[in-house]
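Reviewing the structure listed below.
Every chain is numbered from 1, with letters handed out A, B, ... down the list of sequences. These numbers come from a predicted model, not from an experiment.
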Amino acid sequence: MDPHKRPLLQNKSRIFENCYIYILPVALGKKRMSLFQTQITNGGGICVSKLSATKCNVTHIVLEDSVVKDSERCVRLLSSINVDTNTAVKIVGTQWISKCLKECVCLDTKEFELSVEKITDKVNTKSNSKPLNEDRDPGTVKNDVADFATCTVEDSPPKKLKPAVSEEDVCLQSSSKPRENSECNHLVIAELQKLANAFRSTGDQWRAYGYEKAISAIKAYGSEITSYEEAVSIPGVGSKIAAKVSEFLASGHLRKVDEICGSERSQVVELFTKVWGVGPATAQSWFQQGFRTLEDLKANPNLTKQQKIGLKHFDDIQDRMPRQEVEQIAAVVETAALSIEPKLNVELCGSYRRGRTTCGDVDILITKQDNIHTDILPCLLQQLKESGFVTDDLVNIEVSRNQKKYLGICRLPGENQKHRRLDIFVVPESEYATALMHYTGSALFNRSIRLVAAHKGMSLSEHCLLAGVVREGKEMLNDGYIVPTPTEKSIFGLLGIEYRPPEEREHRL
DNA sequence: GAACAATGATG
DNA sequence: CATCAT
DNA sequence: GTTC
Ligand SMILES: Cc1cn([C@H]2C[C@H](O)[C@@H](COP(=O)(O)OP(=O)(O)OP(=O)(O)O)O2)c(=O)[nH]c1=O
Ligand SMILES: [Mg+2]
């Protein structure tokens, strides 16, 4: 072959040389997608099918033109897909490809580009506070597909019960982002959640973890998923779950759900694990021993104290409570705490602090000055029990042992009040920020931020942030050293992560 | 094929 | 130690 | 389950 014979064609076919191009499969039909892909490949470029969390050598991200115009939507989509807007990635519309092909040049005109400035601009100027979607059907005792208000906080920002130790977490009015979470996404999520629950209750924790991450990613995803391609493009959603999304899109149904969740074994085991104190091991053991219903369990002689309590309050505990009730419960605890020691700082954490419209329990963080040595928890609990507020203990509360964690059950005074789960944590001032982070969650958020820490030779717990940690697999080979963390912001900073207010910690990092 | 967070309480 | 919890 |  004489290369000189075809110089034109050569040139023409190399217009995308050195281009690593990712096409966002949103608002793009399958055929148009693959058309672009072959065009790019023929042009010497490389199509990336999935953005990797770490090494993105991607040079261009192509969006459908209508998407590029809606820069607000761009922000949502790109951020949910972990695009680092600080890198030199060119974000362009599909027109760019067309024009490049037409002119046989790899042009890089700004007219196609969505500049980073534009993005951050939009983010900052945007201040929508939309009403929260509260969509909970009271009466669903079964599959606990928890409510999910797409974290828009408008009514009650995390209210400090008492100002003291810190300040950065007081004024978190910052409007968070997307609403308009889609109808269909929710339906798929409900199905996937069934599978996640089933896997967890049989002890398949890693499979369940995979599902949870994917579910969380889809919830955080900005728009309606319409294809397999779009689904796999979401980090955390792999081929298997994307196929399930696709199947659901086509049929409104997942065969896997029938297959897995349909069996008596699965249903019973799942029911049992909903009892507080019952996990996969006991649930399955009980099933094998022939137990089938909660009634059966009451006749089971091997129930632990915790499980008896869990059984007694089974229905109430399944339920989630409105924010206002959380506030009422917290007020009771705060009053009692301050009567013991007025210098205590009492603060609501958990899903309440993240702005959720309903909460599964009440998480209260009490910070005490380092010079206070009174056993706070025993005193506090004695009071709360004498007043009849706390009705059951899920952990033994003992004097002398300087206990920090209380798990129990309480009920507000008055008629028709349900029993609610109550968690109280008492920590010294020096651990305030890490404890606040921990108990604010979410659990997935904690796990992902701790993963970041680990990869930086650090370790984050509710007690402290350690640096200089050397690991060999799981084992920590040394003790590292404690890095002072006066505020939540300082923790983010030390980990090299941009600060996120509680409302934006619903999903993983 | 390995890793997937880190810790406390119970028995 | 396994189990269950946050 | 997904990611590296
Ligand atoms: C369950 C769990 C919680 N946590 C932290 C983060 C949670 O936000 C915090 C409180 O735990 P939870 O009260 O179990 O969770 P939550 O408050 O976020 O949600 P819910 O409305 O159902 O109560 O503890 C972990 O770090 N790891 C875990 O496995
Ligand atoms: Mg909670």
Requested in this report: Mind listing the residues from residues 240-262 of chain A sitting with a heavy atom below 4.0 Å of DNA chain D? Number order is fine.
Outcome: K240(A), I241(A)
Query raised in the report: Got a sec, which residues hit salt bridge (Lys or Arg N to Asp or Glu O under 4.0 Å) with D361(A), two or more places apart in sequence or on another chain?
Result: none
Contacts under 3.5 Å, N or O only, protein and nucleotides 9-11 of chain B:
| from | atom 1 | to | atom 2 | distance (Å) |
| --- | --- | --- | --- | --- |
| dT10(B) | OP1 | N396(A) | N | 2.5 |

Query raised in the report: Got a sec, which residues hit salt bridge (Lys or Arg N to Asp or Glu O under 4.0 Å) with K456(A), two or more places apart in sequence or on another chain?
Result: none
Report task. Verify the contact: side-chain N or O of Y406(A) to OP1 or OP2 of dG8(B), cut-off strictly under 4.0 Å; return yes or no. Result -> no
Query raised in the report: By side chain to side chain donor-acceptor pair (under 3.5 Å), which residues pair with Q328(A), not counting sequence neighbours?
Result: none
Query raised in the report: So which of residues 198-206 of chain A are in contact with DNA chain D, with a heavy-atom cut-off of under 4.0 Å?
Result: F199(A), W206(A)
Query raised in the report: Does a nitrogen or oxygen in the side chain of R450(A) sit under 4.0 Å from OP1 or OP2 of dA5(B)?
Result: no
Query raised in the report: Do F425(A) and Y439(A) make the cut of ring centroids closer than 6.0 angstrom?
Result: yes
Query - salt bridge (Lys or Arg N to Asp or Glu O under 4.0 Å): pairs with one or both residues in residues 259-269 of chain A, sequence neighbours excluded - result: K256(A)-E259(A), E264(A)-R292(A)
Query raised in the report: Can the ring centres of Y211(A) and F199(A) be said to be less than 6.0 Å apart?
Result: yes
Please tabulate, one pair per line, all N/O donor-acceptor pairs under 3.5 Å involving side-chain atoms of residues 473-480 of chain A, not counting sequence neighbours.
| from | atom 1 | to | atom 2 | distance (Å) |
| --- | --- | --- | --- | --- |
| N478(A) | OD1 | V470(A) | N | 2.9 |
| N478(A) | ND2 | G468(A) | O | 2.8 |

Query raised in the report: Just the endpoints, please: which first and last nucleotides of DNA chain C, 5' to 3', lie under 4.0 Å from a heavy atom of chain A?
Result: dT3(C) to dT6(C)
Query raised in the report: Does R323(A) reach the main-chain N or O of T358(A) with its side chain, forming a donor-acceptor pair under 3.5 Å?
Result: no
Query raised in the report: Does any pair with a residue in residues 440-450 of chain A pass side chain to side chain donor-acceptor pair (under 3.5 Å), and if so which ones, sequence neighbours excluded?
Result: R353(A)-T440(A), H438(A)-R450(A)
Query raised in the report: Across the strands shown, which category fits S448(A) at heavy-atom distances under 4.0 angstrom: base, sugar-phosphate, nothing?
Result: nothing
Query raised in the report: How would you list all residue pairs meeting salt bridge (Lys or Arg N to Asp or Glu O under 4.0 Å) that involve residues 293-305 of chain A, not counting sequence neighbours?
Result: E295(A)-K298(A)
**Report entry** Those residues that, when tested against E325(A), pass salt bridge (Lys or Arg N to Asp or Glu O under 4.0 Å) (two or more places apart)
**Finding:** R420(A)
